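Keep in mind that this is a model prediction, so the values were computed, not measured. Protein chains get the first letters and strands the later ones, always in sequence-line order, with residue 1 at the start of each.
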Number of protein chains: 2
Amino acid sequence: MVGRNRLQSDKDNLRQEIMDVARELFVAEGFRSVSMRKIADRIGYSATTIYLYFKDKNDILAQICRQTFERLTENINAIYNLSDNPLEKLRSGMREYVYFGLKNPSQYELVFIAPLPLEFEPDGINNGTAAFDTLRRVVGECAAAGLLKSADVELTSQTLWAGIHGVTALLIQHEGFPFVDREKLIGSVIETLIAGIRT
Amino acid sequence: MVGRNRLQSDKDNLRQEIMDVARELFVAEGFRSVSMRKIADRIGYSATTIYLYFKDKNDILAQICRQTFERLTENINAIYNLSDNPLEKLRSGMREYVYFGLKNPSQYELVFIAPLPLEFEPDGINNGTAAFDTLRRVVGECAAAGLLKSADVELTSQTLWAGIHGVTALLIQHEGFPFVDREKLIGSVIETLIAGIRT
DNA sequence: AGAAATAAATTAACAGTGTTATTTTATTTT
DNA sequence: AAAATAAAATAACACTGTTAATTTATTTCT
């Protein structure tokens, strides 16, 4: 019984260690150029041992993303409890979304930009859409308060999502492009969107 | 002399044939899962022959994208000559941009969504920004006509780009997500953006 | 025309990838 | 201490993009 628990905790430790090392490498060198053997070297095990803890390479990233996006949802929910003004909630929530993406580009990329492994998308998209669900809720509050031009909450929510995803994705992927000041661009996108949906 | 010309044209033919086959495969199976050997099989040559016509695998896609995005710029310029109303130009141009992306998802993905090979980005981004330059020009016209809230043409252009890129990228990459009607969503994004930048 | 030069294409090979099956080593249970 | 189980490692497979060396075809020159 005691042995069983210690074993379980050792397994969990190694599993988390793999995830930590993998995340670090993915962020530094990009998912594609990190090999199973490279991760294995870092943790001091053979490459095939990783397969005892994860289904495959995609699964490692999937689990990393799950952890990361739980934090995004928490952050956004926390922000939504700070204000009473629904439009203000919307503004702050969108800001948090964009900055979260810029702070976790590797994970944002996988979940929202380039979710290539199809079998894994369900998990990824579910993670991401938890944050989207919160956005929709607040859009609903704005609509209920009569602040919006359109009564179609779903349409408005997806419109906003497209906008903030767009600026996030561009800033992450096109570092070479001569963007205006980040802060300014993000602010402009958010204010333009809000101005566009208001009555 | 004659021989030289015939040879040149044969080279061009094979080069174009490689591009045609590659484009077809890339669109059908995705860039990553198409191997040089698979392309080679289809054209009836050995894999290494491709390297006589293209620097590497990325280069094939780069050339395909160049051809494709020349068309986007042409299309947008043509549209801009149809109307005199600058806001109307903007609307139609943005529509064309999004629909072009949806019609050429593979190329749009490489140039704007996931331009992974860094050395190749200069070409890709230059291609893409030719279209962006046209967008900026029309935003300038709108500003000159006193139709815009902000006098910062660059900022406004980038804001619009973020918006239309966002909806294009989402629709391309997240087929599984329950989006509202495409047409409706695209229209909503464009109208929201325009409403947001107008005086 | 044939010989020399050049271009085009192929074969062989390398170092790397993710992954599976098999075998060895370590730990736990009887 | 023996048997059973879990953990880890080794060997191997089928693939990848790409380079170097070699063969085949075409063009140029005498």
Inset, instruction - Could you tell me which residues satisfy ring-ring contact (aromatic ring centres under 6.0 Å, His included) with B:Phe54, sequence neighbours excluded, listed by chain and number? - result: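 None.
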
Legend entry - Contacts of A:Phe179 that satisfy ring-ring contact (aromatic ring centres under 6.0 Å, His included) - sequence neighbours left out: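 A:Phe177.
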
Inset, instruction - Answer yes or no: is there an ion pair linking B:Asp133 with B:Arg136, defined by an N-O contact shorter than 4.0 Å? - result: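 Yes, charged N to carboxylate O under 4.0 Å.
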
Atom [atom1] of [X] to atom [atom2] of [N]: distance rounded to whole Å?
X       : N      : atom1 : atom2 : result
A:Met36 : C:dT17 : CE    : P     : 11 Å
B:Tyr51 : C:dA13 : OH    : P     : 18 Å
A:Asp56 : C:dT19 : CG    : P     : 5 Å
A:Asp59 : C:dG18 : CG    : P     : 14 Å
A:Arg37 : D:dC13 : CZ    : C1'   : 11 Å
A:Leu14 : C:dA26 : CG    : P     : 16 Å
A:Lys55 : C:dT20 : NZ    : C1'   : 13 Å
B:Ile60 : D:dG17 : CD1   : P     : 9 Å

Partners meeting side chain to side chain contact (heavy atoms under 4.5 Å, CB included) with [X] (sequence neighbours left out):
X        : answer
B:Ser188 : A:Leu155, A:Thr159, B:Thr192
A:Ser150 : A:Asp152, A:Thr156
B:Ser46  : B:Thr48, B:Thr49
B:Glu191 : B:Arg91

Inset, instruction - May I ask you to list the residues of residues 38-48 of chain A, by number, that have any heavy atom positioned under 4.0 Å from an atom of DNA chain D? - result: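 Only A:Tyr45, A:Ser46, A:Thr48 qualify.
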
Legend entry - Proximity to DNA chain D (any heavy atom under 4.0 Å), residues of residues 20-27 of chain B only: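 Heavy-atom cutoff 4.0 Å gives no residues at all.
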
Inset, instruction - Examine D:dA8: is either OP1 or OP2 under 4.0 Å from a nitrogen or oxygen in the side chain of A:Tyr53? Give yes or no. - result: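 It does, given that an N or O in the side chain of A:Tyr53 lies less than 4.0 Å from OP1 or OP2 of D:dA8.
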
Inset, instruction - Check whether more than 12 heavy atoms from other residues, nucleotides or ligands sit under 6.0 Å from atom CG of B:Asp84, and answer yes or no. - result: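 Atom CG in B:Asp84 is not packed in, count stays at 12 or less.
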
Inset, instruction - Once you apply the 3.5 Å cut-off to both distances, tell me the Watson-Crick or G-U wobble partner of C:dT30, or none. - result: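 Its partner is D:dA1 (Watson-Crick or G-U wobble, both distances under 3.5 Å).
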
Review item, side-chain donor-acceptor pairs of residues 19-28 of chain B, under 3.5 Å, at least two apart:
residue: B:Asp20; atom: OD1; partner: B:Gln16; partner atom: NE2; Å: 3.1
residue: B:Asp20; atom: OD1; partner: B:Arg23; partner atom: NH2; Å: 2.7

